[in-house]
Amino acid sequence: MSTYKYATLFLARNISVNQTRTFFSNLKCLDVTINRENGVAYVLMKHPPVNTLNMQLISELSLTLSNLEKSKCQGMILSSIFDKVFCSGLDLNELLKPKPERVKGYFSTFQELVIQLYGSSFPTVAAMTGHSPAGGCVLGMCCEYRVMKKNSQIGIPGSRMGIALPRYIVNLMSSTIGLRNAELMLTKGKILNTDEALKVGLIDEIANDRTDAIRKAEDFLKEYEMIAPLARGITKRIIRRSIIEDVKMNGAADLENFVSVIMLPEVQEKLDMYMYNLKNRKRD
Ligand SMILES: CCCCCCCCCCC/C=C/C(=O)SCCNC(=O)CCNC(=O)[C@H](O)C(C)(C)COP(=O)(O)OP(=O)(O)OC[C@H]1O[C@@H](n2cnc3c(N)ncnc32)[C@H](O)[C@@H]1OP(=O)(O)O
């Protein structure tokens with residue numbers, strides 16, 4: 001990220017660049033900095049144009065989470081350097097005309113990332129600076145708290161794309177917004193605007209802009225400053241255990257099933273049409 005962008009991000013929140021340290025300098029799709037004073041890590045996705053989760057971004061997120069666990073960080077804010085998009089989800093190019101081994105590797109890497117983020121010991125907040133479709137929504141749901149910039153959209157359009165979602169994604173959505181809302185949202189492949197998302201509990205707060213989103217994320221983390229990290233982490237794991245155990249037990253079978261569905265000609269046709277519409281739609 002340019003010095004200018006750092007300055008606007010940190011100075012806007014009264015944190016000087018000197019109070020932060022760059023955690024990794026060799027990442028291509030992420031900027032990771034840690035505030036020395038409170039141990040909070042800022043993980044900013046910067047994979048242009050819209051933070052599509054290609055293999056590189058997924059792998060860098062996974063590596064960063066492993067390192068943050070080791071560094072005993074006190075909390076993490078997952079965000080994006082882009083003002084309009086938090087994360088555009090999985091890379092549709094990986095889903096179109098895929099080679100079975102490649103697509104299996106891709107999905108299992110994503111699945112591991114989901115477990116890592118969902119099961120992290122430190123508190124996590126998604127400061128969603130813009131749209132968060134599909135995989136972007138999944139990243140957000142893995143965090144403990146979600147702040148989203150106004151006028152953004154969030155949801156998982158799987159059904160509309162002809163994709164039956166794996167069980168762990170359904171479980172994640174159900175645990176976030178309840179079974180009834182999850183059923184309505186996921187079977188319709190519904191995408192919600194910010195107000196609708198707040199109403200069903202898919203997000204926790206609305207922000208005016210990215211600075212406000214980061215500030216609200218920091219406020220959430222501040223509430224944990226007086227809480228013992230070990231007790232907090234254990235409690236979180238107990239609450240999240242059933243979904244994690246379920247993925248460990250059924251993940252491989254789910255993956256096989258998911259990949260065979262993705263390869264079906266009728267699903268490929270739908271995905272192809274979806275991609276065509278994405279490339280040819282009118283931009284706002
Ligand atoms: C246990 C079992 C294991 C199995 C694991 C399965 C895991 C399932 C995961 C759950 C399901 C998740 C599925 C997905 O994530 S599929 C991806 C779905 N994503 C989308 O549908 C988002 C599509 N994108 C958009 O809606 C817009 O791009 C967005 C609102 C995000 C931004 O709009 P904006 O106008 O700012 O930008 P553009 O649309 O012009 O996009 C810029 C270029 O980027 C391309 N693009 C966008 N998104 C994607 C994507 N997801 N993949 C690939 N490419 C993407 C877009 O086409 C533009 O390209 P061009 O400039 O060449 O036109």
Side-chain angles (χ1 to χ4, degrees), residues 29 45 47-58 61 80-98 100 102-115 117-118 128-142 148-149 151-174 176 182 185-186 189-194 243-263 267-268 270-284:
C29 304
M45 292 180 278
H47 177 48
V50 289
N51 285 332
T52 297
L53 287 162
N54 68 349
M55 199 66 161
Q56 173 100 15
L57 176 53
I58 296 175
L61 281 167
S80 149
I81 68 161
F82 305 118
D83 280 336
K84 197 175 155 194
V85 179
F86 170 67
C87 168
S88 73
L90 296 183
D91 189 346
L92 288 162
N93 298 303
E94 293 280 358
L95 275 61
L96 273 168
K97 302 183 187 70
R102 162 95 198 174
V103 78
K104 260 186 218 166
Y106 177 69
F107 284 128
S108 67
T109 312
F110 180 69
Q111 185 185 305
E112 277 159 30
L113 170 65
V114 167
I115 296 175
L117 180 54
Y118 186 70
M128 304 163 113
T129 55
H131 303 306
S132 313
C137 173
V138 173
L139 288 187
M141 288 193 298
C142 290
M148 192 162 80
K149 198 179 94 176
N151 302 325
S152 305
Q153 297 194 322
I154 183 168
I156 305 186
S159 301
R160 278 201 270 145
M161 299 161 72
I163 301 179
L165 295 171
R167 193 178 141 121
Y168 77 97
I169 302 287
V170 176
N171 289 343
L172 204 50
M173 183 64 87
S174 304
T176 310
M185 250 195 93
L186 295 179
K190 242 181 137 179
I191 298 286
L192 306 181
N193 65 34
T194 333
I243 290 185
I244 292 172
E245 293 297 316
D246 189 73
V247 179
K248 285 185 182 157
M249 291 270 292
N250 303 303
D254 273 0
L255 182 60
E256 289 294 334
N257 189 33
F258 186 79
V259 170
S260 58
V261 171
I262 283 279
M263 311 282 293
V267 174
Q268 283 295 313
K270 255 204 141 121
L271 279 170
D272 208 21
M273 180 58 76
Y274 186 85
M275 192 68 166
Y276 176 85
N277 289 337
L278 181 64
K279 299 252 172 228
N280 293 287
R281 83 198 150 89
K282 251 180 84 194
R283 306 288 192 273
D284 30 65

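For this chain, numbers begin at 1 and follow the sequence in order. Start at 1 and go down the list; that is how both ligands and their atoms are numbered.
Atoms OH and CD1, from Tyr118 and Ile243 in turn, are 3.5 Å apart once rounded to the nearest 0.5 Å. Annotation: the span from Lys149 atom NZ to Ser80 atom OG amounts to 9.5 Å, rounded to 0.5 Å. Atom CG of residue Asn250 and atom CD of residue Glu245 lie 11.0 Å apart, to the nearest 0.5 angstrom. To the nearest 0.5 Å, the span separating CE on Met55 from CZ on Arg102 amounts to 6.0 Å. With rounding to the nearest 0.5 angstrom, the OG atom of Ser174 is 11.0 Å from the CD1 atom of Ile169. How far CZ of Phe86 is from CG of Leu139: 5.5 Å, rounded to the nearest 0.5 Å.
Applying the 4.0 Å criterion to heavy atoms of Tyr274 picks out, from ligand 1, the atoms 20 (C), 21 (O). Atoms of ligand 1 lying under 4.0 Å from at least one heavy atom of Asp254, given by number and element, are 1 (C), 2 (C). For ligand 1 and Gly251, the ligand atoms under 4.0 Å from any heavy atom of the residue are 1 (C). In the vicinity of Pro133, heavy-atom distances shorter than 4.0 Å reach the ligand 1 atoms 22 (C). Taking every non-hydrogen atom of Tyr168 and a distance limit under 4.0 Å, the qualifying atoms of ligand 1 come out as 1 (C), 2 (C), 3 (C), 5 (C), 7 (C). Within the listing of ligand 1, atoms 1 (C), 2 (C), 3 (C) sit less than 4.0 angstrom from a heavy atom of Gln111. Under a 4.0 Å criterion applied to the non-hydrogen atoms of Gly135, ligand 1 contributes the atoms 12 (C), 14 (C), 15 (O).
For atom 22 (C) of ligand 1, the choice among Gly136, Gly89, Ser88 with the nearest heavy atom turns out to be Ser88. Here the shortest heavy-atom distance to atom 29 (C) of ligand 1, taken over Lys84, Glu112, Arg281, belongs to Arg281.
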Original post:
Is there a side-chain contact (heavy atoms from CB on, under 4.5 Å) between Tyr276 and Asp272 once you walk through the steps?
Top reply: CA-CA 6 Å; Tyr276 176 85; Asp272 208 21; 6.0 Å; no
**OP:** Show the numbers, then the answer: is there a side-chain contact (heavy atoms from CB on, under 4.5 Å) between Val261 and Ile163?
**Re:** CA-CA 7 Å; Val261 171; Ile163 301 179; over 6 Å; no
**OP:** Let me see the working for Gln56 and His47 under side-chain contact (heavy atoms from CB on, under 4.5 Å), right down to the final yes or no.
**Re:** CA-CA 9 Å; Gln56 173 100 15; His47 177 48; over 6 Å; no
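By the 4.0 Å heavy-atom criterion, Arg167 is excluded from the residues contacting ligand 1. Under a 4.0 angstrom heavy-atom cut-off, Met161 registers as being in contact with ligand 1. Proximity of Pro49 to ligand 1 is established by a heavy-atom distance of less than 4.0 Å.
Only the side chain of Pro166 comes within contact range of ligand 1, with a heavy atom under 4.0 Å; no backbone atom does. At a 4.0 Å heavy-atom cut-off, ligand 1 does not touch Gln153 at all. Residue-level proximity to ligand 1 for Val50 is carried by the side chain, the only part with a heavy atom below 4.0 angstrom. Here Val85 has side-chain heavy atoms under 4.0 Å from ligand 1, and that is the only part of it that gets that close. In Leu165, the part holding a heavy atom less than 4.0 Å from any atom of ligand 1 is the side chain. Here Asp91 has heavy atoms under 4.0 Å from ligand 1 in both its backbone and its side chain. Counting heavy atoms under 4.0 Å from ligand 1, residue Leu90 touches it through both backbone and side chain.
Counting non-hydrogen atoms of neighbouring residues, nucleotides and ligands closer than 6.0 angstrom, the CE atom of Met273 reaches no more than 12 such neighbours.
No hydrogens or angles considered: nothing links the side chains of Ser152 and Thr194 as a donor-acceptor pair under 3.5 Å.
Considering backbone and side-chain N/O atoms, Lys279 comes within less than 3.5 Å of an N/O atom of ligand 1.
Contact check for Leu53 versus Leu61: side-chain heavy atoms found under the 4.5 Å cut-off.
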